[in-house]
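Worksheet: one structure, shown below.
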Amino acid sequence: MSKGFRTYLTTGGLILAASVYSACTSGGSQTETTNEASQSDFIDLFDGTSLSGWRGDTALWRVEDKAIVGEIRPGKELERNSFIIWEGGRPADFELIAEYRMSGQGNSGFNYRSEELADLPLALRGYQADIDAANTYTGQNYEERGRAILAFPGEQVRLPSVDGEISEYAIGNIWTAREKIDSLGNRDSLKQHIKQDDWNELRVVAKGNRLQHYINGVLMSDVTDDDEKNRKLEGLIGFQVHVGPPMKIAFRNIKLKNL
């Protein structure tokens, strides 16, 4: 049984409460029970008024209504994915909580334990908590510019060590060396926990080689990365706008706690 924190939104602001998550069981979604706790261990990554502490393409990213907003406008489609990167450090073991709202079509996500590509500014390689407008992949673990899909929504997965190159195992945008351990619930049922065109809560817990993605308190994917050659234990964090159709993604109440 693992322990952590989640948020509750109230008229007065953000309240954090300690959470205890049920152990993974086949066929059932993973929800939380809560107790009171202090939010003092969390730090705010966004001041609500400016992009101070963040680095991104200002043609794509702005502050609007106390949120960081990324938008692809009609006729301004991207040639490659672009990120807004937090410049405050390289978190290793951490818990991140943020609210997001997506409109239009397309794809976004939160990258962590990532590296910026030397030849492609504002491009990241690393783990990603995926977000898409259709909620087909929201909550999955996708390794951007790396091993591709590590765990679909509803999967608990182990990644064993491999000897070959990434290209030998990343086939059809899926990491074929992955081992499914258990089910966290039916993908269609899990999708019902995600609100369309409204605010949702993203929560990522990265501790050691275990990576858990929650949406609105429901565990969507759970990865144990035993692939010592390819895994990362610390790195940059950032939010994504993805190539594709016009879309708009907003993030607010972004908080981080080192574990």
key: Donor-acceptor contact present, side-chain N186 to main-chain S189, <3.5 Å   = yes
query = Salt-bridged, E64 to R252, with N to O below 4.0 Å?
reply = no
query = Within a strict 4.5 Å, meaning less than it, do heavy atoms of the P160 and D227 side chains meet?
reply = no
request  = Might you confirm whether atom CG of D163 has over 12 heavy atoms from other residues, nucleotides or ligands at distances under 6.0 Å?
outcome  = no
task = Assign the ring pair Y169 / W175 to parallel, tilted or perpendicular, where the plane angle (0 to 90°) is split at 30° and 60°.
result = tilted
query = Are the side chain of S221 and the backbone of G139 linked by a donor-acceptor contact shorter than 3.5 Å?
reply = yes
request  = Show the numbers, then the answer: is there a ring-ring contact (aromatic ring centres under 6.0 Å, His included) between Y127 and Y142?
outcome  = CA-CA 6 Å; Y127 301 112; Y142 179 85; over 10 Å; no
request  = Indicate the atoms forming the closest heavy-atom contact of R145 with L124, along with that distance.
outcome  = CD-O, 3.8 Å
Validation row: P246, E77 side chains within 4.5 angstrom (heavy atoms) = yes
task = Report the C-alpha distance between E115 and K232 in whole Å, list the side-chain angles of each, state the deciding distance to 0.1 Å, and finish with yes or no for salt bridge (charged side-chain N to carboxylate O under 4.0 Å, His left out).
result = CA-CA 9 Å; E115 299 295 333; K232 295 292 185 292; over 6 Å; no
task = Enter the distance from S161:OG to D226:CG here, rounded to the nearest 0.5 Å.
result = 6.5 Å
message = I'd like to know if the side chain of Q196 and the backbone of A133 have a donor-acceptor N/O pair within less than 3.5 Å.
response = yes
ask   = Going through the checks in order, is the side chain to side chain contact (heavy atoms under 4.5 Å, CB included) test met by L236 and E116?
value = CA-CA 8 Å; L236 299 171; E116 186 173 3; 4.0 Å; yes
request  = Measure the CD-OG distance between Q240 and S108 for me, rounded to the nearest 0.5 Å.
outcome  = 5.5 Å
query = Can we say E155 and R178 salt-bridge, meaning some charged N sits less than 4.0 Å from an Asp/Glu carboxylate O?
reply = yes
message = Show, in sequence, the C-alpha distance, side-chain angles and deciding distance for L190 and L219, and conclude whether the side chain to side chain contact (heavy atoms under 4.5 Å, CB included) test is met.
response = CA-CA 9 Å; L190 291 175; L219 183 59; over 6 Å; no
request  = From the options Y137, F110, F152, Y112, select the one residue that forms a ring-ring contact (aromatic ring centres under 6.0 Å, His included) with H213.
outcome  = Y112
request  = Under the side-chain hydrogen bond (donor to acceptor under 3.5 Å, both in side chains) rule, what do Q128 and N141 come out as? Steps first, then yes or no, please.
outcome  = CA-CA 6 Å; Q128 182 181 121; N141 195 316; over 6 Å; no
query = Atom CD in Q212, atom CZ in R203: separation rounded to 0.5 Å?
reply = 7.5 Å
inquiry  = One pair to check against side chain to side chain contact (heavy atoms under 4.5 Å, CB included): I194 and M220. What are the steps and the verdict?
reply    = CA-CA 11 Å; I194 307 170; M220 295 287 178; 4.1 Å; yes
Cluster link Y100 to L51, ILVMFWY, side chain under 4.5 Å = yes
Between CD on residue E234 and CZ on residue R90, distance to nearest 0.5 Å = 4.0 Å
inquiry  = Using every non-hydrogen atom in the two residues, find where V63 and S50 come nearest and quote the distance to one decimal.
reply    = CG2-C, 3.5 Å
inquiry  = Could you tell me if the side chain of R210 sits less than 4.5 Å from the side chain of V223, heavy atoms only?
reply    = no
ask   = Any side-chain heavy-atom pair from L96 and I254 closer than 4.5 angstrom?
value = yes
inquiry  = For K229, I'd like to know if atom NZ has over 12 heavy atoms of other residues, nucleotides or ligands within 6.0 Å.
reply    = yes
Cluster link L150 to I171, ILVMFWY, side chain under 4.5 Å = no
remark   = Between M102 and D132, the two heavy atoms sitting closest are SD-C, 3.8 Å
key: Audit row: L259, V205, side chain to side chain contact (heavy atoms under 4.5 Å, CB included) steps and yes/no   = CA-CA 9 Å; L259 299 178; V205 180; 4.0 Å; yes
No-hydrogen, no-angle side-chain donor-acceptor test under 3.5 Å, E99 and N253 = yes
query = Where do M247 and Q105 come nearest, in terms of heavy atoms and distance?
reply = CB-O, 2.7 Å
message = Check R158 with E179, please: is the shortest side-chain N to carboxylate O separation under 4.0 Å?
response = yes
key: For the student: nearest non-hydrogen atoms of A148 and N173, plus distance   = CB-O, 3.2 Å
remark   = In W61, F46, F239, the residue satisfying ring-ring contact (aromatic ring centres under 6.0 Å, His included) with W54 is F239
request  = Identify whether the distance between the nearest side-chain nitrogen and carboxylate oxygen of D225 and R147 falls below 4.0 Å.
outcome  = yes
key: Linked, directly or transitively: I72 and F251 (ILVMFWY side chains, under 4.5 Å)   = yes
ask   = Any side-chain heavy atom of T138 sitting closer than 4.5 Å to one from P153?
value = no
query = Is any NZ, NE, NH1 or NH2 atom of the basic residue among K257 and E95 found under 4.0 Å from an Asp or Glu carboxylate oxygen of the other?
reply = yes
message = Using only atom types and a distance under 3.5 Å, with no angle test, would you say the side chain of N258 pairs donor to acceptor with the backbone of F94?
response = no
ask   = About how many Å separate OG of S103 and CG of D197, when rounded to the nearest 0.5 Å?
value = 6.5 Å
message = Are I85 and V243 connected into the same hydrophobic cluster when the rule is that any two of I, L, V, M, F, W, Y join if their side-chain heavy atoms are below 4.5 Å apart?
response = no
inquiry  = Within a 6.0 Å radius of atom CG on D65, are there more than 12 heavy atoms belonging to other residues, nucleotides or ligands?
reply    = no
query = CD/Q156 to CG/D182 distance, rounded to the nearest 0.5 angstrom?
reply = 5.5 Å
key: Salt-bridge present (D93, K207; N to O < 4.0 Å)   = no
Beyond-backbone contact of V241 with F83, side-chain heavy atoms, under 4.5 angstrom = no
request  = Give the minimum heavy-atom separation between Q140 and I149, together with the two atoms involved.
outcome  = NE2-CG1, 3.8 Å
Under 3.5 Å donor-acceptor, R187 side chain and T136 backbone = yes
inquiry  = Salt bridge check, E201 against K195: does any charged N sit closer than 4.0 Å to a carboxylate O?
reply    = no
inquiry  = Is the shortest side-chain heavy-atom distance between L159 and T224 below 4.5 Å?
reply    = no
task = Considering only NZ, NE, NH1 and NH2 on the basic side and carboxylate oxygens on the acidic side, decide whether R101 and D198 come within less than 4.0 Å.
result = no
ask   = Do I84 and L78 sit in the same hydrophobic cluster, where Ile, Leu, Val, Met, Phe, Trp and Tyr count as joined when their side-chain heavy atoms come under 4.5 Å apart?
value = yes
message = Is there a side-chain contact between I131 and I215 in this structure, where contact means two heavy atoms from C-beta onward sitting under 4.5 Å apart?
response = no
